[in-house]
Trainee: 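Please find one structure pasted underneath; my questions will follow.
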Amino acid sequence: MAYPMNDDKPSDKRVKKQLTPKRREQSRREFMRTSLLTVGVLGVSLLGYIPILQGSSMRLRPPGAVKQPNDEQAFFSSCIKCGQCVQVCPVEAIKLADMPDGFGIGIPFINARQQACDFSCDGLQCVLACPTGALTHSLDYPADTRMGFARLAHPKTCLAVQGKGFKGPARGADFTGLLRYAEVDRWKPIPVANHPYDLALCNLCVRQCPIEIRIAQCAAMPEEDQQQVARVAQQVGNECPPKHAISMETVDYADGIRRMKPVVQDGCVGCGVCEMICPVEQAAIVVDLDKNADTLGG
Amino acid sequence: MADVGYIKDSLKQLFGFKVARPTKEQQSLALKAIYAKKKGHLSKAEMDAVRREHKGTFLNKWQKRRWLSLIFVNLLFVISYYFDVQLVEGSLTGARVIGFHMADLNSALQIALAYKHIVLNLVIGMLSVFVLWMLLGGRTFCAWVCPYHLLSEWSEYLHLWLAKMNLVKDHSFNRKVRGVFYVAFALLALLTGYTVFDSISPTGILSRALIYGPGIALLWVGLLLLFEIFYSRRAWCRYVCPIGMTYGMVGVFSPVRIKYNAEACHHEGDCRKVCLVPHVLDLTIRGGALDVNQDVASDCTRCGMCVDVCPTDSLTYEIKGLSKMLK
């Protein structure tokens with residue numbers, strides 16, 4: 001019943017609700033309103049299913065996300081939508097999704113083309129920050145992550161396939177994306193726009209792949225440290241990435257032009273740096289979400 | 001810490017049931033004597049004189065402190081994010097406060113039901129929050145921290161102003177519907193495997209919008225506020241929000257309460273007119289209390305609006321166990 005606003009007649013409160021026709025009518029109306037409210041609010045809350053069923057809520061997720069390709073339910077249900085992962089990422093790759101993602105609202109994702117995850121945190125900081133295990137602690141190193149799997153989606157536009165080089169900032173002077181270049185600054189990522197290239201044959205995706213860079217670092221370690229590395233790798237299993245992620249292979253069109261093309265290997269984790277760094281207007285190489293290194297066989 | 005009657009009354013009110021008016025046998029002799037002394041009630045003119053004499057202008061003391069606290073807490077999150085100060089990280093649904101994990105109880109419950117697995121850090125977060133709000137008063141979260149509460153309060157002023165001009169009317173709902181929503185959202189999380197409530201919770205949406213930037217979700221919050229301005233006063237907090245329910249249950253064990261003293265009370269109901277949950281103040285109606293001093297039950301948000309407005313200072317904050325009273 002409507003709470004009495006006017007208390008000049010306290011005696012009304014003492015009388016038990018009398019079932020006068022007016023009272024009954026008011027009670028009925030309140031019941032109708034309440035039922036409508038219930039159906040309305042619960043109905044609105046269930047609209048969140050629609051983007052899931054349509055697949056439009058599927059996105060590239062931070063490393064460690066407890067999702068399967070094509071099924072993000074576990075990730076959605078374990079995420080408390082706090083944004084601690086957002087705060088801790090040194091390249092600010094992680095953003096929280098908005099209402100059009102339905103049940104995916106508030107849940108972190110990465111838009112690789114704008115800003116990929118380059119593992120410049122050197123320790124999967126987002127995973128460490130997550131309080132609910134939505135980004136699972138069961139992995140330790142970048143090579144363990146399964147964010148997605150890269151694919152040369154538009155080989156015809158790939159510069160290397162065309163036999164072309166590349167000169168200048170990879171995504172233009174106005175691009176705001178960041179990348180950690182260890183030879184420039186070991187710790188701090190810098191704008192990609194501040195790191196121009198001059199390549200006879202474009203190989204940016206392979207050159208900047210964080211997994212490939214780490215493999216090269218491991219290989220370059222002096223002999224004594226190599227043994228150390230082997231011991232650590234034995235104990236922990238994967239400090240140095242065990243598999244290659246991407247490599248350039250020769251392409252022969254029998255026209256005398258030296259061409260190569262990037263070939264994605266088993267060790268690709270789907271971080272998206274290749275997609276971000278590809279200088280072509282619409283990235284020739286993209287990260288697919290419907291598979292990862294573990295599901296390649298089908 | 002809380003006697004059985006208090007716990008029962010609190011739970012009854014939380015789930016929308018009316019607490020039965022005490023019978024003459026249940027009331028203390030001292031209380032009955034006080035009621036007897038106040039046989040007739042004051043006329044409007046006399047009541048106005050009391051208000052003027054005791055309070056003068058509307059004090060708003062506790063309201064000012066509360067708004068400051070609310071803005072401060074939310075600002076702390078924003079500043080911590082923008083200046084990368086690791087004091088308070090995250091948002092209201094999940095945070096680390098100087099390293100300590102804190103997880104909103106209702107969000108954690110949704111995860112427990114939907115994901116069906118709770119990691120240790122989340123358990124720690126739940127425990128911290130449970131202890132914190134058990135000490136501070138359960139629904140104190142609503143009035144002193146929740147950003148939606150503040151927007152809803154401002155909308156309430158707008159609603160009351162329009163209502164005074166007869167442009168809008170307050171439509172009430174059956175208070176039991178809050179319990180229905182509580183169970184429904186819990187079941188939805190369990191059965192769908194998604195944290196359904198969290199996807200529409202204005203608390204989470206607003207907290208994230210303040211910190212990480214605005215989004216389309218604010219339109220939903222705007223819709224709720226419009227509903228509260230033009231159709232039903234404070235509807236979300238009163239009839240729907242399971243966060244309030246959860247904290248209300250936690251607050252049953254809290255030592256921080258509003259205490260009612262019947263001696264000087266004129267039973268005019270100024271307190272009930274400003275209260276978010278006026279049913280908790282039924283004990284201020286003449287004949288409605290059990291004893292001369294009685295605590296307001298735990299659906300109360302400890303907002304202090306009643307403390308501010310009462311012309312006879314019959315409602316005060318108290319911390320049970322501490323003999324001094326807060327004024």
Side-chain angles (χ1 to χ4, degrees), chain A residues 1-11 13-14 27 29-31 33-38 41-42 44-49 52 66 73-88 95-107 129-134 136-137, chain B residues 21 41 44 81 84 89-91 93-96 101 103-104 107-108 111 114-115 117-119 121-122 125 170-174 177 180-181 184-185 188-189 192-200 204-205 208 211-212 215-217 219-220 235 239-240 267-269 272-273 278-279 285-287:
Chain A
M1 293 301 297
Y3 198 89
M5 299 300 291
N6 173 8
D7 203 58
D8 282 344
K9 301 192 201 65
S11 52
K13 258 282 157 214
R14 294 197 186 139
S27 188
R29 285 222 197 104
E30 190 189 73
F31 180 77
R33 277 201 298 271
T34 307
S35 307
L36 273 171
L37 180 75
T38 312
V41 173
L42 291 178
V44 166
S45 75
L46 285 172
L47 290 177
Y49 249 130
I52 312 267
V66 290
Q73 181 264 326
F75 184 51
F76 282 16
S77 64
S78 55
C79 175
I80 205 168
K81 305 150 190 71
C82 64
Q84 288 183 56
C85 53
V86 176
Q87 185 155 5
V88 97
K95 307 250 178 291
L96 297 184
D98 200 354
M99 200 152 225
D101 274 35
F103 292 148
I105 183 178
I107 294 184
C130 179
T132 65
T136 175
H137 284 15
Chain B
R21 212 181 118 83
H41 57 86
K44 187 174 183 311
Y81 178 71
D84 207 12
E89 297 164 290
S91 69
T93 48
R96 294 191 75 162
H101 281 291
D104 175 71
S107 297
I111 289 177
Y115 187 49
H117 183 66
I118 313 182
V119 299
N121 281 344
L122 188 55
D170 179 26
H171 297 83
S172 68
F173 295 91
N174 189 311
V177 78
V180 171
F181 274 122
F185 283 125
L188 280 177
T192 66
Y194 290 101
T195 53
V196 177
F197 172 70
D198 275 348
S199 61
I200 58 164
I205 290 170
R208 286 191 297 270
I211 303 165
Y212 305 111
I216 296 174
L219 289 177
W220 163 244
Y239 304 113
V240 186
H267 311 290
E268 85 290 355
R272 279 172 268 130
K273 289 197 181 92
H279 47 273
I285 299 169
R286 181 155 169 262

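Excluded from the calculations below are hydrogen atoms, water molecules and symmetry mates; all remaining heavy atoms, backbone and side chain alike, are included. Because the structure is predicted, anything quoted here is derived from the model rather than measured. In what follows, chains carry the letters A, B, and so on, assigned in the order in which the sequence lines appear, proteins first and then strands, with residues in each chain numbered from 1.
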Trainee: Is B:I205 in contact with chain A via its backbone, its side chain, both, or neither, using a 4.5 Å heavy-atom distance?
Mentor: side chain
Trainee: Identify which part of A:I107 has an atom lying under 4.5 Å from any heavy atom of chain B, answering side chain, backbone, both or neither.
Mentor: neither
Trainee: Of the backbone (N, CA, C, O) and the side chain (C-beta and beyond), which part of A:C79 lies under 4.5 Å from a heavy atom of chain B, both, or neither?
Mentor: backbone
Trainee: Heavy-atom distance under 4.5 Å to chain A: side chain of B:L188, backbone, both or neither?
Mentor: side chain
Trainee: Taking side chain as everything from C-beta outward and backbone as N, CA, C, O, which of these in A:F31 sits under 4.5 Å from a heavy atom of chain B? Side chain, backbone, both or neither.
Mentor: neither
Trainee: Could you tell me if the side chain of A:Q87 sits less than 4.5 Å from the side chain of B:D84, heavy atoms only?
Mentor: yes
Trainee: Can you check whether B:G193's main-chain N or O pairs, donor with acceptor, with A:Q73's side chain at less than 3.5 Å?
Mentor: yes
Trainee: With chain B as the partner, which of A:V86, A:V44, A:L37, A:V88 has the greatest number of non-hydrogen pairs under 4.5 Å?
Mentor: A:L37
Trainee: Measure B:Y212 against the heavy atoms of chain A and call it side chain, backbone, both or neither at under 4.5 Å.
Mentor: side chain
Trainee: Non-hydrogen atoms of chain A under 4.5 Å away: do they reach the side chain of B:V196, the backbone, both or neither?
Mentor: both
Trainee: Just give me the residue among A:S78, A:P131, A:S35 that pairs up with chain B most often, heavy atom to heavy atom, under 4.5 Å.
Mentor: A:S78
Trainee: What option among A:L96, A:I105, A:L42, A:I80 has the most heavy-atom pairs under 4.5 Å with chain B?
Mentor: A:I80
Trainee: Does any non-hydrogen side-chain atom of B:Y239 lie less than 4.5 Å from one of B:N174?
Mentor: no
